[in-house]
Each structure stands twice: as structure tokens, then as C-alpha cells.
Amino acid sequence: MTPPLTHVSIPSVSITAARTGASTKANATGMRTMQERVYARRGEQYLLIKSPPASGKSRALMFVALDKLKNQGIKKAIIVVPERSIGGSFADEKLTEQGFWADWVVQPQWNLCNAPGADEPAVAKSKVKAVGEFLASADRVLVCTHATFRFAVDELWVSAFDDCLIAIDEFHHVSSNPDNRLGAQLGQFIARDKAHIVAMTGSYFRGDAEAVLVPQDEARFETVTYTYYEQLNGYEHLKSLDIGYFFYSGNYLDAIKKVLDPALKTIVHIPNVNSRESTKDKHREVDDIMNGIGDWKYVDPVTGFHMIETPGGRTVKVADLVDDGDAAKRSKVLTALKDPAERGNRDHVDIIIALGMAKEGFDWIWCEHALTVGYRSSLTEIIQIIGRATRDAPGKERSRFTNLIAEPDAAESSVVDAINDTLKAIAASLLMEQVLAPKFEFTPKHVGPQAGFDYGANGYQEGTANVGVNERTGQLHLEIAGLVKPQSVEATRICREDLTEVITAFVQDKAALERGLFDRENTVPEELTQLRMGKIVRERYPDLSEADIEAVRQHAIAALTITQQAKQQVIDENAGGIKANTALIDGVRMFVNVRDLDMDLIDRINPFDAAYSVLAKAMNEATLKQVQATIAAKRVTMSYDEARDHAKRALQFKRERNRVPEITSQDPWEKRLAEGVAAFARYRAQEIASNG
């Protein structure tokens, strides 16, 4: 029998904050903590802002852009957002009323995000003429979508934007992959070096583990980082964020009634139509969800919201962003949701139901519950959805993210392990830590141990298959017989930093793909691994010698082979074939940098809807700091004697200050002492393991 909702505890990572008010308290010029931090770097030509939703990135950009327009010789500011619903974040702001020296003004004709259908490629392309007209006008600020900007750069070329500020919101949409058009254009802007660029994102990583920027371009950016913990801890109202997972069997439309509380301001993301959870009829799913809330009454003619009466007699206002059959109708709903006059009105809307919208950059401060149906393989998407519920608002002390997932075809213990690793990955990501992309260090066999790599309790063993881990960089060292070593500095750098990009180019090479997939019987493996991969390396790095091209090719093939073997291991472990629903477990294999974090965030398991829910331990300030300290400690490179000496000095530090040194401290000496304690603890653990 299905237990009633009142008997089901909410599974969560509860991030409890101190509510200092620092995140929302403004200084004399109207800047909050994060914005002050960014404004201090306003003179940089290339600025990367890594900061969570609701921390004020759009306002920070306004401050910086106004200074560049007045004091730094910049002629125009162009704000680029992924979808038009986000354009409202850059609407007019009377900054002078808060103490700043100028107001932010966007003339109505230059906010191209307000055009109906601006997200559609055809409409976005039609706006290129408007971009050209803006560049020729006396006005100075334009807001448009990523799509419009891409088309404009293609038609007008990068030189048309000389002496302009290009501000790219949700910067993780950019990729170093050459097929990513915005990423390729960004590389052209940096190469020309005549525009200023401000990049903003709440998740500086991509769900596909591709690099956002190539290393040489990323090195040009000055980075300002503001973590979720800093943001939450500095709020005035919101003090805790719960993150949890519910599993169900049967139809999710039956289970969702147990976790969707109409009393909470909620964004519901229904599953992708290709997912296991989907019924393949998205409109019927929305109807069923609304029917589960109560009795439908009517559609408000002004807002387009559905009015639904609950069994208790309360009227709930529901915005349907799934129905895309009538563009005018959805545009009315979007316009109502973006209405600046209603931003401070908690009762404007109660529940938003969406599919691909209302994720990144969607600004609804009252959201208390982000309820997502279906497994999300992209960690970026998860973090963005969580961000919808982390705005600070009066009377909002607690918010939550809930993921409702079809029960995996796996043992309960495997699911619990996967959830634990997922929670670690989420916690690390909230601290702006990269947790996805593995890196490799290859050497010819019998060259010997490499500096900085840990080869386990038994150390490096001559004549055996040695695998080492550099805990500071996350690199893996493997020995390969007959491997060609790179000769030049650039080739060495490519082998250490760019292999992901080389592999991506190979995998997406159409000629190689067609031969490998459709002509397997007549395709010799060496034709792909030697000729095609060699051609790709030669085209990407034309200045390398033939010897270095061969070295890079071999390193890339080695890394690709290891990745393929890891995928094969997934198949083998599933007894000859991947089961229909093990994506949750298999997807966690991406989080290579968190699986080694020795942290158990699982508390208990409760029954739920004929399946179960995984309950996590409460994560308070101390626990989140522990996550950050554990990650930081993995990067520490310190000898045993040095670690022991620093650990001794840390005891003196504790006696003097009545607290232990923190590895996240801004004081270099205190941080080094904490690193010594972490390193010494790791050495002691290794000794105990080897003796025991």
C-alpha cells in the first residue's frame, strides 16, 4: 500500500546558512558584495564572472558597462543572452536612486529580446539588420539573444564590433568545440583583441564535459568567483536549501501528487519526451498535473494563467509554458511572467509548468520548490534548475530542489552510491568546482614515476602496469609501450591540456564517423586512428613538426581508448548489455573527481510510492566547508616531513586562536597550515592502510 504523503520525509541535502544579509546589503553606491568584487576588476579587457543565480550578475554587468562606456573608450555595450525571457534581467534600472553615478537605460527598440519569437532561428536572423542599425546609431546599449548575435557576427564580421563591450550571459553555452559557433566567434574576437568581453555564468562547466574555453584563451580572462555558499550565507531571508531524490514505480503523474505541494511557489519541469519518465504526450501531462491540483475554473484573459481551485477552496494560478501550439498565447504568458511591475508581488503566480524553459536566468524570486521529473544527465542543467529556487525573498526561509525519477533497474545499494556521488558533485559545483573532465598524462613504459603522481600504497613498481594520480590536478598517469613523447613545449602543452578538444574533433569528424559506422567491414582501424586522427591534429596545429603531430595523435588515441574501455566496463558490469534504466548510476561515472572524496552524505532510506526515497544528511555551514576543504586538500602537494611540520604549527595556531586553520582562508599562511594538516592526515591514512 502506498504510504500517505504525511508519512514520507523530504530527502535532502540541507544547506543551512547564517543569514548575515551581506549578499543583499548594498554599499553607498548600490553594490552588493559580489558586485563590489566585480567592479574592482572593471578595467580588465576580458572578465569572467563565476557566480550563482540571484547573486546580481546582471546588475554587476550594468555597473561595469557604464564605467567602460564613460571612462574606458568603449563605444557600445552589447548584452547577449541565451533566450529572450532572460532579456528582462537587463531592463532599465534607476541606479542613481541607490547611489551610483548613472542609470542603466536600454532604448525599447534595442532590446531585441522583446520581439515575439526572438528565440526562433528565423526571427533571430531577421534581427541582424537591427544590430547593424544599432551599431550605426548614437545609442549605446543593445540586448539580444545568442542566436541573433551569432548571425550578426557572421554577416557583419568581428571587426564591426571593435571598441565594443560584448557581455555574454550564461557563458557555459560557449564551447571550445570548433562546431560551437559562439565559441568559435569568441576565439576570433580574442584573436583580434579589439573588443572587451565580460562572460557571466553560474556554472563554469558543461554537462558534456567539454571545455568552455581553450586554455590559451581562458588565460586571458581575469576571473571573479563568488560561490553558492557565500551567496546563501549572505542572504537576509533564505536560510536553507534542500536537495533530494524520490523514486517511483508506475506513472509519474500518480507519484507527482505526493511531492507537488500547491501551497509552495513551484516550478515543475516535466520530462523530456524521449525520456523513460515521459508519457509521450506533454499536453496531456500538463492537464493531468493541473487536474491533480484541483478543479480548473478559467484562463485569466490578461495573463494567460490557468485558475484552479484546490479542495480547500484556494485559487492557484498556474502558468503553462509547455503549450507551444499557439505562439501568441505563450507569448502572453511569458510577458506576464516578466512584468517588472509584478516582480515584488508574491501572489502574481503560484505554479509554473515548463519543459525546456524557466531554467537558466529565469528570475522568479518567490520560487520555493524546483520540482524536476526525469533523470538529468547534465550536471549543468541540474545546477541551473536548483538556481531557480535560490533567490532571496521576504518570508522565504526554506527552498528545495526535488528530482522525481523512475526507479532504476539496479540494486538499491547501487542507487544509494550513485545518489551519494551525485550529491557530492552538486555540492562541489555549488562551490564553483569543476568535477567533470578527466585529464591524462602518458609516458613510454619504464620511464619511471612522474613527479606529483601518487602510485598507491605500494608506490611505483618497475615492470608492472603503473597508474598514478595527481591529486592536485586530477590527472591520471599511465605508461604505454612505444609511446612517442612530444618534443616541443607547445606539443607537451597540447598533450596535457587539449586532448579533450582533439578527441571531440575526431569523434565529430563526419568522414571518420561515416566510415566507422556505415562501412565497418571495409574499414581498417588504423585508417581511422592513424590517418583521420593524424589529419585532424595536423589541421588543428599546423605549426607542429611531424614528430610532434605523431606524439599528439598517439596521446589522443590513448585517451580515447581509455574512455571507450570505461564505457565497455559499464556494459560488462550490466551482464552483457546496458539495462533499460541505469542512466542514474552510469551517469555518475562522469563525476571522476568526486568519487574519491571520502564523504557519506546519505542518512537513511524511506519507502515512497511503492519504491523508495534516498534521504541525505543535513548539510550545514560546517559540512559545506568540509566539502570545500576536502576538495582543496586533494590538490595539495607536500612532502611527508613538510606536512608533519605544518600540522604541528597548526596545533599552535589552534591554541592561539581557539579554532583550527581553514583551507579556504584568504590568509596564505593559515591556508598553508590547513593544507599541511590535510596532507599529513592523508599520509597517516596511507600508512594505516599499508600496515593493515
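Just so you know, these numbers come straight off a predicted model, no measurement behind them. We count residues from 1, following the sequence as given.
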Quick one: closest heavy-atom pair of [X] and [Y], and the distance?
| X | Y | answer |
| --- | --- | --- |
| Met34 | Ser51 | CG-OG, 3.5 Å |
| Lys317 | Met307 | CG-SD, 3.6 Å |
| Leu404 | Tyr252 | CD2-O, 4.2 Å |
| Gln35 | Arg32 | OE1-N, 2.8 Å |
| Glu285 | Lys280 | OE2-N, 3.8 Å |
| Ile351 | Pro262 | CD1-CA, 4.2 Å |

Do the side chain of [X] and the main chain of [Y] share a donor and acceptor less than 3.5 angstrom apart?
| X | Y | answer |
| --- | --- | --- |
| Trp366 | Arg343 | yes |
| Lys332 | Pro301 | yes |
| Lys127 | Ala147 | no |
| Asp392 | His237 | yes |
| His369 | Val268 | no |
| Asp300 | His306 | no |
| Glu277 | Ala406 | yes |
| Lys396 | Ile365 | yes |
| Arg330 | Leu321 | yes |

[atom1]-[atom2] distance between [X] and [Y], expressed to the nearest 0.5 angstrom:
| X | Y | atom1 | atom2 | answer |
| --- | --- | --- | --- | --- |
| Glu368 | Arg400 | CD | CZ | 8.5 Å |
| His269 | Asn403 | NE2 | CG | 11.5 Å |
| Arg391 | Ser399 | CZ | OG | 11.0 Å |
| Trp364 | Ile267 | CH2 | CD1 | 6.0 Å |
| Ile79 | Ile168 | CD1 | CD1 | 10.5 Å |
| Ile308 | Asn291 | CD1 | CG | 7.5 Å |

Check: residues 333-342 side-chain donor-acceptor pairs under 3.5 Å, at least two apart:
from: Thr335; atom 1: OG1; to: Ser331; atom 2: O; distance (Å): 2.8
from: Asp339; atom 1: OD1; to: Ala341; atom 2: N; distance (Å): 3.0
from: Glu342; atom 1: OE1; to: Asn345; atom 2: ND2; distance (Å): 2.8

Could you tell me whether [X] and [Y] have a side-chain N and a carboxylate O separated by less than 4.0 Å?
| X | Y | value |
| --- | --- | --- |
| Asp350 | Arg314 | yes |
| Asp323 | Lys329 | yes |
| Arg284 | Asp288 | yes |

Does some side-chain heavy atom of [Y] sit less than 4.5 Å from a side-chain heavy atom of [X]?
| X | Y | answer |
| --- | --- | --- |
| Thr303 | His348 | yes |
| Phe90 | Val106 | no |
| Ile353 | Ile270 | yes |

*Going through the checks in order, is the side-chain contact (heavy atoms from CB on, under 4.5 Å) test met by Asp169 and Ser58?*
CA-CA 8 Å; Asp169 196 21; Ser58 57; over 6 Å; no
*Let me see the working for Ile256 and Leu371 under side-chain contact (heavy atoms from CB on, under 4.5 Å), right down to the final yes or no.*
CA-CA 9 Å; Ile256 198 172; Leu371 172 56; 3.8 Å; yes
*Hey, which of Leu260, Val373, Val322 is the one that makes side-chain contact (heavy atoms from CB on, under 4.5 Å) with Ile289?*
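Between Ile289 and the candidates, side-chain contact (heavy atoms from CB on, under 4.5 Å) is satisfied uniquely by Leu260.
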*asked:* Applying side-chain contact (heavy atoms from CB on, under 4.5 Å) to Arg150 and Val80, what does each step give before you reach the verdict?
replied: CA-CA 10 Å; Arg150 290 196 305 268; Val80 188; over 6 Å; no
_Stepwise side-chain contact (heavy atoms from CB on, under 4.5 Å) check, Asp347 with Lys265_ = CA-CA 9 Å; Asp347 297 325; Lys265 302 294 184 181; 4.2 Å; yes
